[in-house]
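Below: one structure, written as structure tokens.
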Amino acid sequence: MIVCEPEASPEHVRRRFPFVRFVERKDALVPELWRDGIEATRGDLIALTISPMRAAPDWVATARRLLQEADGVGGAIEPARGLRVRDWAEYFCRYSRDMRPFAEHECADLPGDNAVYRRASLARVQDVYRTGFWEPDVHRALLERSASLRHDPALVVYQGRSAGIAAFARQRLRHGRLYGHQRGARFTPARNAAGVVAAPLVPLLMTFRVIRRVAEKRRHRLEALVALPLIFYFNLVWAAAEAKGHLEVVRGR
């Protein structure tokens with residue numbers, strides 16, 4: 001099993017899981033670190049996460065049990081104690097869909113920051129993640145090969161404090177641009193142009209989805225309300241970056 005992260009590997013993880021392999025490289029994107037980590041290990045089961053996550057005590061046993069009946073499993077991501085407003089904003093932007101409660105179900109959109117896979121299943125799509133383990137592309141390829149992917153609330157990690165507003169905004173800029181570029185490579189010029197024109201609506205839609213999920217789950221509604229300005233700001237950054245990716249495809253860059 002492996003954990004790949006962009007920051008110094010936390011000692012609490014090293015102590016609990018001495019068999020974990022960490023991969024660190026300055027300025028690398030998380031999907032690139034995940035790819036490097038997969039290639040650096042030989043275990044039958046592969047686990048991916050990032051440094052702010054704290055695994056539940058039964059995480060390893062649960063992962064092994066769930067992978068007996070699936071090729072890949074994504075779990076729940078819960079807020080840890082002591083989060084600041086900026087941490088809550090990042091949490092809601094990234095993990096409102098993965099916050100409990102939710103029912104166990106088949107799912108192509110697993111949370112990469114709390115996901116486990118069978119190595120044999122990933123080996124069949126190794127060509128897809130040669131440039132980085134981008135979850136949407138990898139999961140799509142796994143489903144095309146009849147793999148079983150499940151989202152299960154029994155597999156739990158807790159998000160701790162983040163690196164701050166500026167660090168998360170920079171990450172949104174880099175990931176959003178690459179996401180727009182990767183999607184745009186599969187789109188027609190007209191569809192990419194539409195993505196650029198519609199960009200001002202994207203942060204509104206993304207923020208609405210976050211608030212709707214929180215309201216439906218009836219948890220942490222006050223925290224979401226307090227963090228709402230930052231949630232919208234982070235979604236605005238993502239939308240601008242994604243639009244830039246689409247525009248680069250239109251311009252042939």
Please assess Arg97 against Arg209 for the test side-chain contact (heavy atoms from CB on, under 4.5 Å), listing each intermediate value before the final yes or no. CA-CA 9 Å; Arg97 185 182 58 85; Arg209 288 175 176 170; over 6 Å; no

Decide yes or no for Asp87 and Ser162: does some side-chain heavy atom of the first lie under 4.5 Å from some side-chain heavy atom of the second? yes

Without swapping roles, check the side chain of Arg161 against the backbone of Gly82 for a donor-acceptor pair under 3.5 Å. yes

Residue pair Leu48, Val30: steps toward the side-chain contact (heavy atoms from CB on, under 4.5 Å) verdict: CA-CA 10 Å; Leu48 304 178; Val30 171; over 6 Å; no

His151 and Asp109: side-chain donor and acceptor closer than 3.5 Å? no

State yes or no: do Leu204 and Val197 share one hydrophobic cluster built from I, L, V, M, F, W and Y residues joined by side-chain heavy-atom distances below 4.5 Å, directly or via other members? no

Are Trp88 and Val210 connected in a single hydrophobic cluster, I mean Ile/Leu/Val/Met/Phe/Trp/Tyr linked by side-chain heavy atoms less than 4.5 Å apart? yes

Phe187 and His246 aromatic ring geometry - parallel, tilted or perpendicular at 30°/60° bounds: parallel

Do the side chains of Val202 and Val196 join up, straight or via other hydrophobic residues, at under 4.5 Å, putting them in one cluster? no

Take Arg170 and Arg174 through the side-chain contact (heavy atoms from CB on, under 4.5 Å) test and state the conclusion after the steps. CA-CA 6 Å; Arg170 287 194 298 269; Arg174 297 180 71 187; 5.6 Å; no

Between His175 and Trp134, what is the ring plane arrangement, given parallel below 30°, perpendicular above 60°, and tilted in between? perpendicular

Distance in Å, Lys217 NZ paired with Ser96 OG, rounded so as to fall on 0.5 Å steps: 7.0 Å

Ion pair check, Arg145 and Asp71, cut-off under 4.0 Å: no

So, do Met99 and Arg213 sit near enough that their side-chain heavy atoms are less than 4.5 Å apart? no

Find out if a path of hydrophobic residues (ILVMFWY) with successive side-chain heavy-atom gaps under 4.5 Å connects Val73 to Leu142. yes

Give me the one residue out of Asp36, Leu29, Ile38 that meets side-chain contact (heavy atoms from CB on, under 4.5 Å) with Phe133. Ile38

side-chain contact (heavy atoms from CB on, under 4.5 Å) assessment of Val116 paired with Leu45: CA-CA 7 Å; Val116 292; Leu45 305 182; over 6 Å; no

For a quick check under 3.5 Å, do Asp113 and Tyr95 share a side-chain donor-acceptor pair by atom type? yes

Would you call Asp137 and Arg140 a salt bridge, using N to O less than 4.0 angstrom? yes

Does Arg86 use its side chain to pair, donor to acceptor, with the backbone of Leu83 at less than 3.5 Å? no

Would you say Arg172 and Asn235 are linked by a side-chain donor-acceptor pair, where the criterion is simply a distance under 3.5 Å? yes

In this structure, NE2 of His181 is separated from CG of Leu247 (nearest 0.5 Å) by 10.0 Å

Show, in sequence, the C-alpha distance, side-chain angles and deciding distance for Asn114 and Thr49, and conclude whether the side chain to side chain donor-acceptor pair (under 3.5 Å) test is met. CA-CA 5 Å; Asn114 181 23; Thr49 190; 6.0 Å; no

